[in-house]
Structures are given as structure tokens and as C-alpha cells.
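The analysis underlying the following values was restricted to heavy atoms, covering all of them including side chains, and did not include hydrogens, waters or symmetry mates.
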Amino acid sequence: MQTVTIMVCDDDRMLRGILQGKIENMCGERGIPCRVRGCDSGEDMLKLPEADTQTEAEPGQERLPDILFLDIQMPGRNGMEIAAELRRRQKDMILIFVTALSEYVYEAFDVGAFHYLVKPFGDEKLREVLERALQQYELLQETRTLRQAGAAEEDGRIRGEGMSGEMRQNGRGQSPVPDAILVKRGGISTKVLLEDIIYAEVFNRKVMLHTTGGDIEYYGKLTDLSQQAGNSFYRTHRAYLVNFKYVEKYNATTIWLEQGTALVSRKQFAGFVRQYMQYISRKRDG
């Protein structure tokens, strides 16, 4: 694993130094190479060049970090405004707000925050958030490697064409994936396009499809739908299947879609992030 660059941006010099020291110690305990820096102004941080994800920084070379712990209340533009600008410049930055203000939590999702730490917080909470942030960093690195190895070329082979019932590959070189499924209700079979399914959930032996055209309920198993749906969908929880196409934001417990929300279990979160990043890469490269 290459060196992870971590920055703590807080205008309180003493608090900034304490947090830097704790992060350095926690990375050292895990044997993770990291470079932890401090910054007392969001304005100064905006002057830094973007991180080069292909090469490590030279000793003393300043650049935007891979992981940022950002205070909200600072002189000049506040942390939310700084975060919005940073997100436009470096989309993969893992952003963690550190603040005494809880009322900004919903705004934090608008800039793709990874977590929102409310002061005061203990070392165990910091350790938990840092470890999950490092896990996401590793997933991002893995995704970049996959993309460099030819993910775009593979995507060209698996994309289906047309809506005439033609089959497309599921991305694993196995059985083909249909463009639509047939849902049987009361003796009537209804064709539902997979790309129109926002997410599905199951309860009382019934599957509820939340589609762009409304909800459709039928007796069935979510496992069967998951096997048919292909790699544009992910089983985030035993009761939920989501379509990556409609994901707007997420954290470790919840996924917000264009319409509705879905739960994500702890054991499925890492897999969801990995496959969602691959999905985004395929769409961007395509």
C-alpha cells in the first residue's frame, strides 16, 4: 500500500495538533504508511495541486490529501464551501467533517462526505472512522488498478444494445442478463425493464419493485431477482437490492436513491463501495 496522505484542517492549532498526533499513532499501530499534515485555513488548502494518484509525493511536496479531516467553522469561507470546491477538483477525496455543530449533517451529504464527527468524540470513535476511511482508500486504489487493467475494454463487451429482448453479458463471462423481467401477478405477466428498477425490497414473501413508473409488488424471492439483474445491481442487505444507476449518496448504513432509501448491512458495505466505484468507472470510461 502506498503512503496515504491525510490532512487535518482546523484553525484551532492545539486541537489540530492533538488530532494529527492521534491519527499518526493509529496509522502506525496498523502498520499503514501515512503522511499526516495540518492546515489552519481552507483557503490555503485550495491553493494546493491535486493529488497524483499514480505516484507518491516527493518528500516535502504539498498536494491535496487522500483523506481530509475538515472543520466547518473557520475564518473566511466555512468548511462546507471549501468542501464543495474540493469535491469539484478531486472527486475521490475521502472527506470527514470534524465539528461541534450537528446541524450541518445533511449538507455534508451534498458534498459527498464520508463521515461527520461531532465534537467531542473519543479515541475509539476516531479509530473506527479512520479505519473505515483507510478501507475505502484501499478500495479506491483497487478500483484504479482494475480500470488500468482494462475495465473499459471489458465494459465494451458487456454492454447490451436495444430493448427488443436481446441478452447482454453480466460482466463475469457467465450466463447472459436479460434487459427485462416478467412479473406475474394475478395471472397477468408484466414486462419490467431492469434499467427502470430503482431498488427492490422484500417483506412477507413479497418483492416490491420501486420503479421510475411506480411500485410493483409480487410474490417471489429477492435472491432470484438479484441473480437475474446483473452487475448494475447490488444486494446491500438481505431485504434490499439497489440499482447503481439511481444512487445519489450513501454512508455506512444507508443508501439514498433518486426515489427512496435502502439499508446497507455492515458486512455488505465494503463490497457495495467496491462495485459502485467499478460501476462509476465503467460509465465514466464509456
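Under the 3.5 Å distance criterion, the side-chain polar atoms of Gln275 are left unmatched by any main-chain donor or acceptor of Ser232. No donor-acceptor distance shorter than 3.5 angstrom exists from the side chain of Gln227 to the backbone of Asp224, with no hydrogens or angles considered. At least one donor-acceptor pair under 3.5 Å links the side chain of Arg87 to the backbone N or O of Met93. A donor-acceptor contact shorter than 3.5 Å links the side chain of Gln268 to the backbone of Arg235.
To the nearest 0.5 angstrom, Glu24 atom CD is 12.0 Å from Glu29 atom CD. Taking CD of Glu217 as the start and CG of Leu209 as the end, the distance is 9.5 Å to the nearest 0.5 Å. Distance check: Ile23 CD1 to Arg37 CZ gives 12.0 Å after rounding to the nearest 0.5 Å. The CZ atom of Arg63 sits 14.5 Å away from atom CE of Met45, with the distance rounded to the nearest 0.5 Å. Interatomic distance, Lys249 NZ to Thr261 OG1, rounded to the nearest 0.5 Å: 11.0 Å. Summarising the geometry, atom CE belonging to Met74 is positioned 6.0 Å from atom CD1 belonging to Ile82; distances are rounded to the nearest 0.5 Å.
Taking 4.5 Å as the limit, every side-chain heavy atom of Thr99 sits out of range of all side-chain heavy atoms of Leu117. Side chains of Val4 and Ile67 form a contact here, defined as non-hydrogen atoms less than 4.5 Å apart. Residues Arg16 and Cys39 fail the side-chain proximity criterion, which asks for heavy atoms closer than 4.5 Å. Side chains of Glu85 and Glu43 form no contact here, defined as non-hydrogen atoms less than 4.5 Å apart. Using a 4.5 Å heavy-atom cutoff, the side chains of Leu182 and Thr190 are not in contact. Met7 has its side chain within reach of Leu48: a pair of non-hydrogen atoms, C-beta onward, lies under 4.5 Å apart. Inter-residue side-chain proximity for Lys206 and Val202 is flagged as unmet; no heavy-atom pair is nearer than 4.5 Å. Residues Leu46 and Arg77 meet the side-chain proximity criterion, which asks for heavy atoms closer than 4.5 Å.
In this pair, His237 and Tyr240 present their aromatic rings perpendicular. The plane angle is above 60°, beyond the 30 to 60° band.
By the 4.5 Å side-chain criterion applied to Ile, Leu, Val, Met, Phe, Trp and Tyr, Ile18 is assigned to a cluster that also includes Met14. Think of Tyr219 as one node in a network of Ile, Leu, Val, Met, Phe, Trp and Tyr side chains linked at under 4.5 Å; it has no links at all.
A search for ring-ring contact (aromatic ring centres under 6.0 Å, His included) contacts involving Phe114 returns nothing, not counting sequence neighbours. Annotation: salt bridge (Lys or Arg N to Asp or Glu O under 4.0 Å) contacts of Lys184 (sequence neighbours excluded): none. With sequence neighbours left out, the side chain to side chain contact (heavy atoms under 4.5 Å, CB included) criterion links Lys245 to Glu195, Asn243, Tyr279.
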Notebook entry, point to check: Could you walk me through whether Tyr137 and Asp92 pass the side-chain contact (heavy atoms from CB on, under 4.5 Å) check?
Noted result: CA-CA 9 Å; Tyr137 173 79; Asp92 289 342; over 6 Å; no
Next item on the list: Let me see the working for Asp10 and Lys119 under salt bridge (charged side-chain N to carboxylate O under 4.0 Å, His left out), right down to the final yes or no.
Entry: CA-CA 13 Å; Asp10 194 317; Lys119 302 174 185 176; 3.2 Å; yes
Checklist line | Worked check of side-chain contact (heavy atoms from CB on, under 4.5 Å) between Leu257 and Phe244 | finding: CA-CA 9 Å; Leu257 301 116; Phe244 289 136; over 6 Å; no
Next item on the list: Quick one: do Asp66 and Ile6 satisfy side-chain contact (heavy atoms from CB on, under 4.5 Å)? Show the steps, please.
Entry: CA-CA 6 Å; Asp66 301 307; Ile6 302 174; over 6 Å; no
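Salt bridge status for Asp44 with Lys47: present, with a side-chain N to carboxylate O gap under 4.0 Å. Using a 4.0 Å cut-off between charged side-chain N and carboxylate O, Asp40 and Arg13 make no salt bridge.
Residues Met208 and Ile197 do not share a hydrophobic cluster, defined by chaining ILVMFWY side chains whose heavy atoms lie under 4.5 Å apart. Taken together through direct or relayed side-chain contacts under 4.5 Å among Ile, Leu, Val, Met, Phe, Trp and Tyr, Leu15 and Ile96 form parts of separate hydrophobic clusters.
The environment of Arg238 atom CZ is sparse: at most 12 non-hydrogen atoms of other residues, nucleotides or ligands sit within 6.0 angstrom. Around CD1 of Ile188, the count of heavy atoms belonging to other residues, nucleotides or ligands within 6.0 Å does not exceed 12.
Neither side chain, Thr211 nor Asp196, offers a donor N or O lying under 3.5 Å from an acceptor on the other.
The list of ring-ring contact (aromatic ring centres under 6.0 Å, His included) pairs with a residue in residues 179-203, not counting sequence neighbours, reads Tyr199-His210.
The one candidate from Ile255, Val242, Thr236 that meets the side chain to side chain contact (heavy atoms under 4.5 Å, CB included) condition with Tyr250 is Ile255.
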